[in-house]
Amino acid sequence: MLETTKYNFLIEQYKNNIFSYSIYMTRNRMDADDITQEVLIRIWKNLDKFNILAAKSWIMKTTHNLCIDYLRRRSKQNIKEFSLDEDFIESIEDSRSETNPYLSTHIKIMHDKVKETIKELPENLRAVFVLYEIQGLKYKEVAEAIDIPINSVKVYLLRARKKLQEELKHYEPQEVI
Amino acid sequence: MNRKKLFEEKLIDEIISVAYGDASIFTKIKIRMLAKKNLEVKNLLDEYSETSGAVKKISIDKYPDELLINLKSTSVHKTKSFLNDLYAVFFSKPILSAAAIGIVLAAIISSVYLRNTNSYDAYTLAEVENAEMQTRQALAIIGNVFNKTQKSLSQEILADKVSRPINDGINTVNKLFN
């Protein structure tokens, strides 16, 4: 009874984090689905092996390791499937009705461009950046999740921010319309 | 030359930290002041701030519910209960639960403390003795009243108002028979 309750709580709390992180890391929704399912099953199997208050690090570490496994397996195939998704197209259509369509469309595309650029970051920088900036983990939690020292987390984060800025420089607002 | 480059690198790092909001207050003030004076610093800060703003607006992708239902139906039974909700409240909001525990503890401690202070500091020994004496006097008065009542009942009421009419009645009957 308590186990099920604990499991339900963990799932509700972290399912989106696992899924979101998997998407950024694998850049593939199908793989992200599989990884999320696998992590959720592992949580159930290892429920008594970790402290619930320290569960976040354990879960993100497991997710990260699975993502790395998937990436290694896929590196031979070299698949890349991501492009504009349906949500994004809808958001563009919605933005046309707003007062300043040029500005709102620019913001939407900028937002999407940032997301895509994050996905293009090198694997180690991407992992640190997504965990810290998007998942909201602290330096210590990021270090535990991907098994590197805290100082390395800080260095990778700075590099990732610089790299992201560098890549976004190629983007010009005039491209939009 | 190298020192200059190093200095610039450090400055850029600080600008990035300020733009992403994790710099110290001192660094923030320093960079903001520099940005007012130097256009290059301002442009760099604006560029990074725009990117950090866009990054902070990124929301976490939602895991499809249908996949979760499939998973639960195959691996784990879902139970929605009060215990579930209670558990969620306690672990998802530790500050809230800590605050609740704090309030309960404060209430218990204050009630115990107030109870102890109210216990016995109201009357002195002299006051107690005085009260005892007054009680005795009151009881003595009540005793006197009872005694007088008993006396008047047995000597006056019973003799005059009850016994005499009965005797008179009996005498009258006797005279009639004689």
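By convention in this document, chain letters (A, B, ...) are assigned in the order of the sequence lines, proteins followed by strands, and residues within each chain are numbered from 1.
Using a 4.5 Å cut-off between heavy atoms, I18(A) does not touch chain B at all. Interface remark: Y21(A) contributes no atoms to any contact with chain B (heavy atom separation under 4.5 Å). In this structure, no portion of Y14(A) lies under 4.5 Å from any heavy atom of chain B.
A single hydrophobic cluster is seen to contain both Y20(B) and I150(A), as judged by linkage of ILVMFWY side chains at heavy-atom distances under 4.5 Å, directly or through other members. V39(A) and I41(A) fall within a single hydrophobic cluster, where Ile, Leu, Val, Met, Phe, Trp and Tyr are joined by side-chain heavy atoms under 4.5 Å apart, directly or via other members. Criterion: ILVMFWY side-chain heavy atoms under 4.5 Å apart, direct or through other members. Under it, M33(B) and V18(B) are not part of a common hydrophobic cluster.
Contacts classified as salt bridge (Lys or Arg N to Asp or Glu O under 4.0 Å) and involving residues 147-157 of chain A (residues at least two apart or in different chains) are not found.
Taking non-hydrogen atoms and a 4.5 Å limit, the residue list of residues 54-61 of chain B in contact with chain A, ordered by number, reads A54(B), V55(B), K56(B), K57(B), I58(B), I60(B), D61(B). Annotation: residues 152-177 of chain B contacts chain A through no residue [non-hydrogen atoms, separation under 4.5 Å]. For a heavy-atom cut-off of 4.5 Å, chain A lies close to E47(B), Y48(B), E50(B), T51(B) in residues 38-53 of chain B.
For the atom pair D22(B) CG and R161(A) CZ, the distance stands at 4.0 Å (nearest 0.5 Å). For the atom pair Y63(B) OH and L40(A) CG, the distance stands at 5.5 Å (nearest 0.5 Å).
Within 6.0 Å of atom CD in Q150(B), 12 or fewer heavy atoms from other residues, nucleotides or ligands are found, so the atom counts as exposed in its surroundings.
The shortest non-hydrogen separation linking K62(B) to N16(A) is CA-OD1, 3.4 Å.
Ranked by non-hydrogen atom pairs under 4.5 Å with chain B, the options T36(A), V114(A), I118(A) are led by T36(A).
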